[in-house]
**Student:** 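Please see the structure below; I have some questions.
Labels below follow one simple rule: chain letters A, B, ... track the order of the sequence lines, proteins then strands, and each chain is numbered from 1. Side chains are part of it too, since the values below use all heavy atoms of this structure and drop only hydrogens, waters and symmetry mates.
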Amino acid sequence: AQSVTQLGSHVSVSEGALVLLRCNYSSSVPPYLFWYVQYPNQGLQLLLKYTSAATLVKGINGFEAEFKKSETSFHLTKPSAHMSDAAEYFCAVTMGTGNQFYFGTGTSLTVIP
Amino acid sequence: DAGVIQSPRHEVTEMGQEVTLRCKPISGHNSLFWYRQTMMRGLELLIYFNNNVPIDDSGMPEDRFSAKMPNASFSTLKIQPSEPRDSAVYFCASSLLGRDRGNYGYTFGSGTRLTVV
């Protein structure tokens, strides 16, 4: 079975500070991993995805994530937070044998001016 | 491409009434998913279709919920009769299931906010 765990349902950072949102996955085979962002009253948008190519994945809006197999992690980072980054972030996993995604419970990011 | 289109954006209905939510996936996508999002439960997969065929409906909460996909460009999620606990945001998403399964990610619609009073 596959799943993702997002540590910290709420994260607050100051504007300009490093953003780190944690995601750990559980999978018996190499997974595909994704980060999605949801702004208020909107649907989920794809930020970035890992599909067994480069372990460091760059996404939109300056975000990136690193796949670490030894730690079963796929943490999302951004060097400098911007007010517009305030949103809900979801980590998701899917397998090569199916198309169903499994989402984490989400992390709400607050950016403090 | 206009993306995944859902209608209506907001729906307020009385308990016991039938509710129909609609979704138009991205042209060329062959998989369609219905999710429900609430504060308590987060994102829940209700059902998904591949090539218009329902593949997994184990997330459909009960018989009051039904979903159809009569063709590649349209799907409905129906609740009959509706209850207050059905109040949530319902998302439709589509994707392309190819040789690299799961490689493409989902594209989500903007959701339908359902309130049952």
**Student:** Given that the side chain runs from C-beta out, which part of A:Gln38 has a heavy atom under 4.5 Å from chain B: side chain, backbone, both or neither?
**Tutor:** side chain
**Student:** B:Arg113, B:Gln37, B:Arg9: which one forms the most heavy-atom pairs within less than 4.5 Å of chain A?
**Tutor:**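 The answer is B:Gln37.
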**Student:** Honestly curious: do B:Phe108 and B:Met69 fall in one hydrophobic cluster under the side-chain, below-4.5 Å linking rule?
**Tutor:** no
**Student:** Could you measure the distance from the CG atom of A:Asn41 to the NE2 atom of B:His10? Nearest 0.5 Å is fine.
**Tutor:**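 The NE2 atom of B:His10 is 7.0 Å from CG of A:Asn41, to the nearest 0.5 Å.
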**Student:** Short question: side chain of B:Tyr106, backbone of A:Gln45 - any donor-acceptor pair under 3.5 Å?
**Tutor:**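 Checked: no pair found.
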**Student:** Between A:Tyr102 and chain B, with a heavy-atom cut-off of 4.5 Å, which part of the residue counts as in contact: side chain, backbone, both or neither?
**Tutor:**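 No part of it gets close to chain B.
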**Student:** Do you reckon A:Trp35 sits in the same ILVMFWY cluster as A:Ile60, going by side-chain contacts under 4.5 Å, direct or chained?
**Tutor:** yes
**Student:** Begin with the C-alpha distance, continue with both residues' side-chain angles, and end with the deciding distance and a verdict on ring-ring contact (aromatic ring centres under 6.0 Å, His included) for A:Phe103 and B:Tyr35.
**Tutor:** CA-CA 11 Å; A:Phe103 285 90; B:Tyr35 280 86; 5.4 Å; yes
**Student:** Is the distance from the ring center of A:Phe101 to that of B:Phe33 below 6.0 Å?
**Tutor:** no
**Student:** Mind running side-chain contact (heavy atoms from CB on, under 4.5 Å) on B:Leu43 and A:Leu44 for me, showing each step along the way?
**Tutor:** CA-CA 11 Å; B:Leu43 273 167; A:Leu44 280 72; 3.7 Å; yes
**Student:** If hydrophobic clusters are built by linking Ile, Leu, Val, Met, Phe, Trp and Tyr wherever their side-chain heavy atoms come under 4.5 Å apart, do B:Leu45 and B:Tyr90 end up in the same one?
**Tutor:** no
**Student:** Could you check whether atom CD of B:Glu14 has more than 12 heavy atoms from other residues, nucleotides or ligands sitting under 6.0 Å from it?
**Tutor:**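 Not more than 12 within 6.0 Å, no.
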**Student:** Would a hydrophobic clustering, with Ile, Leu, Val, Met, Phe, Trp and Tyr connected at side-chain separations under 4.5 Å, put A:Tyr39 with A:Leu48?
**Tutor:**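 Cluster IDs for A:Tyr39 and A:Leu48 match.
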**Student:** Got a sec: does the CZ of A:Arg22 have more than 12 other heavy atoms crowding it under 6.0 Å?
**Tutor:** no
